[in-house]
Peer 1: 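This is the structure I want to talk about, given as structure tokens.
Reminder, nothing fancy here: chain letters follow the sequence lines and each chain counts from 1.
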Amino acid sequence: MNSPTHSISARPRRSVIEGNPALLVLGGADVYRPFAPLLNAARSLSIPVIFATVDAETCGPTGSAVLAGEGRIHPPCLSAFLGTPLSLLLARLNAQTLLLAGGRTSVEVHYSFVDAHQNDFFCRLAEDCMAGASPAAHEAALKAMEYLQTGARQSSTTLVAALQAFEARRSSK
Amino acid sequence: MSAMAKIVTGAHTSSLLPGKLVLLVIDVQGELTGTRYDVARDFPMPNFNEYMRRIPAVIAAARARSVPIIYMQEVHHPSLIDFGRELDGFERVHCLENAPDTAISPEVQLRPESFHIRKRRYSSFFCTELDIYLRGLEAATLLMVGGFTDVCVHYTFADAHQRGYVCRVVEDCVAGSSFEAHQTALQAMEFLQPGSRCRRDEVIAQMAVIAPPR
């Protein structure tokens, strides 16, 4: 029998961005200094941005207003996928890699990540643009997400560079 | 909207097992007699099977009081087409349908009349019939045992929590990919629903009180 059970040990080598990216902004992202450069990079490179907001507010106290054409969802639970059209939006955008910023690392981020993971998306975290319910919970959630996808943990600087490289590849085609 | 807000803030501080109870046996598969510790990968947590071997007593207590039992079983097609992103992280190829270790462990006594659901992702809710069974059983509280604490149990718990179920995790009957991950996942579940962590002895004692045999 040709069962590959024990023969496959090599990990798939994955890039920071596999396929096309989209940026998912969870609540409170604006309080993190590195968030503005990440959002601006996405916008200037025409990377789709989707804001998940609990109510009619913008994504944070300093107010990155949602621009025309940007996605907006209102998750009623913790995962941004549950009870929202996020899957459908991402499918229409032909996005395969989801960049996450904002939210509580151990709550909205972790459970959104899990749903994205189970829906076959590649997930990358701007880990300097989020905080946990506690510092220990933040670190534990980051480890749990890295367990699911090697390379999940990224800095916003790395993500900006990856978006720029993506755009360079796209425009050279 | 306000009902959902209540759910996610997790105010289930009533009795240990309120309302109609269902026992969820999550991914108890393969040999429970030996050790499955992979020293080279430090995986899964030490004494994993000892935790699993505590489960049959919970199952016996549930059966004695006619508490419905749902067995979850993770399976994957030998072609590997249904792994999604599961091989992009720490886990390797696992639970192939044609592998003997994928079978539900005989110790947990799956019976022909048992509820048995196969799943291809971590959460027991993801693309499965679990929700339909739970509605049919009018379940209010889900009691969870099995593995891994930090993966299938945690993500099943999170989905159940967000769907409004009272969740209880029997902390000496679940085991994780590492001891640290086991502990932090239990803390995360307790954060979602304060009071959700419980121990086997108290659960068995409570089942005798709350669920009269039919």
Side-chain angles (χ1 to χ4, degrees), chain A residues 1-14 18 54-55 74-83 96-98 104-108 110-123 132-134 136-153, chain B residues 1-5 7-10 41 43 76 78-80 82-102 119-123 125-127 148 150-151 154-159 161-164 176-178 180-181 183-188 191-192:
Chain A
M1 145 118 257
N2 295 320
S3 167
T5 316
H6 303 294
S7 59
I8 294 191
S9 56
R11 322 301 304 144
R13 292 186 69 84
R14 300 298 189 191
E18 293 280 340
V54 258
D55 46 38
H74 304 280
C77 296
L78 303 174
S79 164
F81 285 84
L82 197 55
Q96 289 79 36
T97 297
L98 194 56
R104 287 174 292 174
T105 323
S106 51
V107 189
E108 293 85 2
H110 194 166
Y111 302 126
S112 298
F113 186 111
V114 168
D115 278 342
H117 176 79
Q118 296 188 123
N119 278 298
D120 302 350
F121 290 102
F122 299 92
C123 307
S134 70
H138 170 74
E139 194 55 36
L142 289 173
K143 278 185 186 167
M145 291 184 273
E146 184 72 19
Y147 173 98
L148 296 178
Q149 290 192 20
T150 304
R153 299 177 64 164
Chain B
M1 186 65 205
S2 62
M4 187 57 80
I7 289 159
V8 298
T9 53
R41 300 185 74 214
F43 172 88
H76 290 287
S79 66
L80 314 186
D82 57 356
F83 271 93
R85 297 274 73 76
E86 285 191 16
L87 302 178
D88 282 20
F90 190 75
E91 293 198 358
R92 301 199 172 155
V93 172
H94 55 273
C95 298
L96 295 186
E97 289 168 21
N98 57 357
D101 266 7
T102 299
K119 64 182 177 65
R120 287 164 204 275
R121 288 291 184 272
Y122 296 132
S123 169
F125 286 88
F126 195 91
C127 294
F148 289 166
D150 51 312
V151 188
H154 185 182
Y155 302 144
T156 297
F157 185 115
D159 266 341
H161 170 72
Q162 292 179 90
R163 283 163 175 76
S177 64
S178 72
E180 184 195 0
Q183 285 184 305
T184 54
L186 287 171
Q187 286 162 7
F191 177 85
L192 292 180

Peer 1: Do B/T184 and A/K143 have side chains that approach each other closer than 4.5 Å (heavy atoms only, starting at C-beta)?
Peer 2: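 Contact flag for B/T184/A/K143 side chains = no.
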
Peer 1: When you compare the side chain of A/E146 with that of B/F90, does any pair of heavy atoms fall below 4.5 Å?
Peer 2: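 B/F90 does not reach A/E146 side chain to side chain.
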
Peer 1: Is B/R85 close to A/L148 at the side-chain level, that is, under 4.5 Å between some pair of heavy atoms?
Peer 2: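 A side-chain contact under 4.5 Å is absent here.
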
Peer 1: Considering only heavy atoms, which portion of B/F148 lies under 4.5 Å from any heavy atom of chain A: side chain, backbone, both, or neither?
Peer 2: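 For B/F148, the contact with chain A is made by the side chain alone.
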
Peer 1: Would you check if A/S106 and B/F191 make a side-chain contact, meaning some heavy-atom pair closer than 4.5 Å?
Peer 2: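 Side-chain contact under 4.5 Å: no.
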
Peer 1: For this output row, return yes or no: ring centroids of B/Y155 and A/H117 closer than 6.0 angstrom.
Peer 2: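 No; A/H117 has its ring centre 6.0 Å or more from that of B/Y155.
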
Peer 1: Side chains of A/Y111 and B/H154 only: does a donor on one sit below 3.5 Å from an acceptor on the other?
Peer 2: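 Their side chains do contain a donor-acceptor pair, which is all the 3.5 Å distance test asks for.
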
Peer 1: At a 4.5 Å cut-off on heavy atoms, which part of A/F122 comes close to chain B: side chain, backbone, both, or neither?
Peer 2: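 Both parts, backbone and side chain.
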
Peer 1: Can a donor-acceptor pair be found, under 3.5 Å and without considering hydrogens, that links the side chain of A/Q118 to the backbone of B/S123?
Peer 2: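 Side chain of A/Q118 to backbone of B/S123: a pair is present.
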
Peer 1: Say you draw a straight line from CG of B/D88 to CD of A/E18; how long is it, rounded to the nearest 0.5 Å?
Peer 2: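 So the gap between those two atoms works out to 8.0 Å.
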
Peer 1: At a heavy-atom distance under 4.5 Å, which candidate from A/S79, A/C123, A/A141, A/G83 has the highest pair count against chain B?
Peer 2: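 Between A/S79, A/C123, A/A141, A/G83, the count favours A/S79.
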
Peer 1: Can you say whether B/E180 sits under 4.5 Å from chain A via the side chain, the backbone, both, or neither, judging by heavy atoms?
Peer 2: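 Answer is side chain: those atoms of B/E180 sit under 4.5 Å from chain A.
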
Peer 1: Between B/R121 and A/D120, does any NZ, NE, NH1 or NH2 come within less than 4.0 Å of an OD or OE carboxylate oxygen?
Peer 2: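 Looking at B/R121 together with A/D120, the answer is yes, because their closest N to O distance falls below 4.0 Å.
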
Peer 1: Is any side-chain heavy atom of B/L192 less than 4.5 Å from a side-chain heavy atom of A/L78?
Peer 2: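 Yes, at least one pair of side-chain atoms sits under 4.5 Å.
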
